[in-house]
**Student:** 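The structure that follows is given in the form of structure tokens.
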Amino acid sequence: MHAQTAQDTIPQVLVYKKVDTLSLTLRVFKPAGFETGKKYPAIVFFFGGGWIGGNIGQFQKQAVYLASRGMVAILADYRVQSRHHTTPFEAVADGKSAIRYVRAHAGELGIDPDRIVAAGGSAGGHVAAATDLTKLDEPSENAAISARPNALVLFNPVFNNGPGEYGYDRIGARYTEISPYHNIRKGAAPTLIMLGTKDKLVSVATAGAYKAKLTEAGTRGELILYPEQPHGFFNRGEWFIKTLRDTDVFLKSLGYIKGDPTL
């Protein structure tokens with residue numbers, strides 16, 4: 001990993017959405033040597049926390065690293081139950097608003113609007129996948145600008161919300177609207193899934209079924225399993241490095257970054 005400088009950890013902060021008196025923000029980390037006029041690939045991270053809590057800074061280390069690899073890396077805030085008394089549906093609507101904002105402002109941000117990755121962990125992984133697959137857009141926004149990412153990087157995502165799966169107790173009969181698994185279709189974004197084999201919230205079988213459904217729809221789905229690891233493993237020690245390296249390899253395979261991982 002490259003040596004961090006003070007500049008790396010001071011992001012540009014932008015308001016992407018206002019809801020009543022609430023302003024939702026993005027933290028934008030630009031690549032070293034950023035050149036105005038160039039179009040860089042972008043990655044937007046959504047934090048985990050069960051749609052209840054969580055911290056926008058969760059993926060800051062991953063963002064700083066991917067900025068060092070030539071991407072515009074963005075951390076997105078979104079509404080959660082503990083702070084905003086909202087449901088998973090508002091979280092997804094905010095996620096879609098964030099991707100749409102980044103695409104709509106791609107010119108001024110130096111971003112290629114056709115190379116935007118949505119990423120996240122746990123419930124944030126759900127939000128990322130749902131930006132691509134669900135139709136939970138804010139009706140007030142410009143539907144002519146797509147809120148769908150071009151690729152997905154998902155860290156132990158809770159992306160099946162059907163009966164017996166994570167979140168069904170809160171979502172209930174509306175699961176068919178919000179569950180990424182139940183909305184996979186032709187044209188779904190290429191997807192990397194990273195999961196520990198001892199995850200108690202997302203089973204290996206659930207992730208395998210998700211990958212199979214992507215394949216059936218004609219989309220590239222990669223599932224990497226990490227032995228004996230529990231939910232949230234990607235935040236810690238060697239697993240932080242391994243998952244970030246696997247993310248790097250996946251993004252390189254899409255042509256979004258070049259060269260070998262630097263960590």
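Since the model is a prediction, treat every value here as computed from it, not as a measurement.
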**Student:** Check each of Thr191, Val92, Asn161 against Pro180 using the side chain to side chain contact (heavy atoms under 4.5 Å, CB included) test, and report the only one that passes.
**Tutor:** Asn161

**Student:** Quick check on the hydrophobic clustering: are Ile52 and Val127 connected, directly or via other members, by side-chain heavy-atom contacts under 4.5 Å?
**Tutor:** no

**Student:** List for me each residue that meets ring pair (Phe, Tyr, Trp, His ring centres under 6.0 Å) alongside His105, sequence neighbours excluded, and say none if there are none.
**Tutor:** Tyr101

**Student:** Check whether Tyr166 reaches the backbone of Ala123 with its side chain - one donor and one acceptor, N or O, closer than 3.5 Å.
**Tutor:** no

**Student:** Check whether any side-chain N or O of Ser23 sits under 3.5 Å from a backbone N or O of Val15 as a donor-acceptor pair, and report yes or no.
**Tutor:** no

**Student:** So, the side chain of Thr197 versus the backbone of Glu228: is there a donor-acceptor pair under 3.5 Å, distance only?
**Tutor:** yes

**Student:** Is there any side chain to side chain donor-acceptor pair (under 3.5 Å) pair reaching into residues 109-124, and which pairs are they, with sequence neighbours excluded?
**Tutor:** Asp112-Arg115, Ser122-His231

**Student:** Show, in sequence, the C-alpha distance, side-chain angles and deciding distance for Asp77 and Arg27, and conclude whether the salt bridge (Lys or Arg N to Asp or Glu O under 4.0 Å) test is met.
**Tutor:** CA-CA 9 Å; Asp77 202 6; Arg27 296 182 186 175; over 6 Å; no

**Student:** Measure from the side-chain N and O atoms of Thr86 to the backbone N and O of Val80, and report whether any donor-acceptor pair falls under 3.5 Å.
**Tutor:** yes

**Student:** Any ring pair (Phe, Tyr, Trp, His ring centres under 6.0 Å) involving residues 78-97? Give me the pairs, sequence neighbours left out, ordered by first then second residue.
**Tutor:** Phe47-Tyr78

**Student:** Do Val249 and Val153 sit in the same hydrophobic cluster, where Ile, Leu, Val, Met, Phe, Trp and Tyr count as joined when their side-chain heavy atoms come under 4.5 Å apart?
**Tutor:** no

**Student:** Which residues satisfy the side chain to side chain donor-acceptor pair (under 3.5 Å) test with Ser203, sequence neighbours excluded?
**Tutor:** Thr206

**Student:** The criterion is side chain to side chain donor-acceptor pair (under 3.5 Å); which residues satisfy it with Tyr210, sequence neighbours excluded?
**Tutor:** none

**Student:** For residues Leu225 and Val202: do they belong to one hydrophobic cluster (side chain heavy atoms under 4.5 Å, members Ile, Leu, Val, Met, Phe, Trp, Tyr)?
**Tutor:** yes

**Student:** For Ala118 versus Ile99, what's the shortest heavy-atom pair and its separation?
**Tutor:** CB-CD1, 4.0 Å

**Student:** Asn150: which residues meet the side chain to side chain contact (heavy atoms under 4.5 Å, CB included) condition with it, sequence neighbours left out?
**Tutor:** Arg103, Ile116, Tyr256

**Student:** Please identify each residue that fulfils side chain to side chain contact (heavy atoms under 4.5 Å, CB included) with Glu222, with sequence neighbours left out.
**Tutor:** Leu192, Arg220, Phe250

**Student:** Return the set of residues passing side chain to side chain contact (heavy atoms under 4.5 Å, CB included) with Lys186 (not counting sequence neighbours), or none when no residue passes.
**Tutor:** none

**Student:** Ser179 side chain to Thr176 main-chain N or O, any donor-acceptor pair under 3.5 Å?
**Tutor:** no

**Student:** Is it true that a side-chain atom of Arg245 and a backbone atom of Pro261 form a donor plus acceptor pair closer than 3.5 Å?
**Tutor:** no

**Student:** Report whether Val204 and Ile193 are members of the same hydrophobic cluster (ILVMFWY, side-chain heavy atoms less than 4.5 Å apart, transitive linking).
**Tutor:** yes

**Student:** Is Arg79 salt-bridged to Glu90, going by a charged N under 4.0 Å from an acidic O?
**Tutor:** no

**Student:** Using side chain to side chain donor-acceptor pair (under 3.5 Å) as the criterion, list what pairs up with Lys17, not counting sequence neighbours.
**Tutor:** Asp94, Ser97, Glu138

**Student:** Holding to side chain to side chain contact (heavy atoms under 4.5 Å, CB included), I want the full list of residues that pass it with Arg148, two or more places apart in sequence or in another chain.
**Tutor:** Asp132, Ser146, Arg185

**Student:** Does Tyr16 belong to the same Ile/Leu/Val/Met/Phe/Trp/Tyr cluster as Leu22, with side-chain heavy atoms less than 4.5 Å apart forming each link?
**Tutor:** yes

**Student:** For the pair Arg69 (side chain) and Gly259 (backbone), establish whether a donor and an acceptor sit closer than 3.5 Å, ignoring hydrogens and angles.
**Tutor:** yes

**Student:** Show me the pairs that pass ring pair (Phe, Tyr, Trp, His ring centres under 6.0 Å) and involve residues 117-155, at least two apart or across chains.
**Tutor:** Trp51-His126, Phe59-Phe155, Phe155-Phe234

**Student:** Which heavy-atom pair separates Ala63 from Ala73 by the least distance, and what is that distance?
**Tutor:** O-CB, 3.2 Å

**Student:** Identify the two heavy atoms, one from Pro163 and one from Tyr175, that lie closest to each other, and give their separation to 0.1 Å.
**Tutor:** CD-CZ, 3.7 Å

**Student:** Could you pull out all residues at least two apart from Tyr226 that satisfy ring pair (Phe, Tyr, Trp, His ring centres under 6.0 Å)?
**Tutor:** Phe233

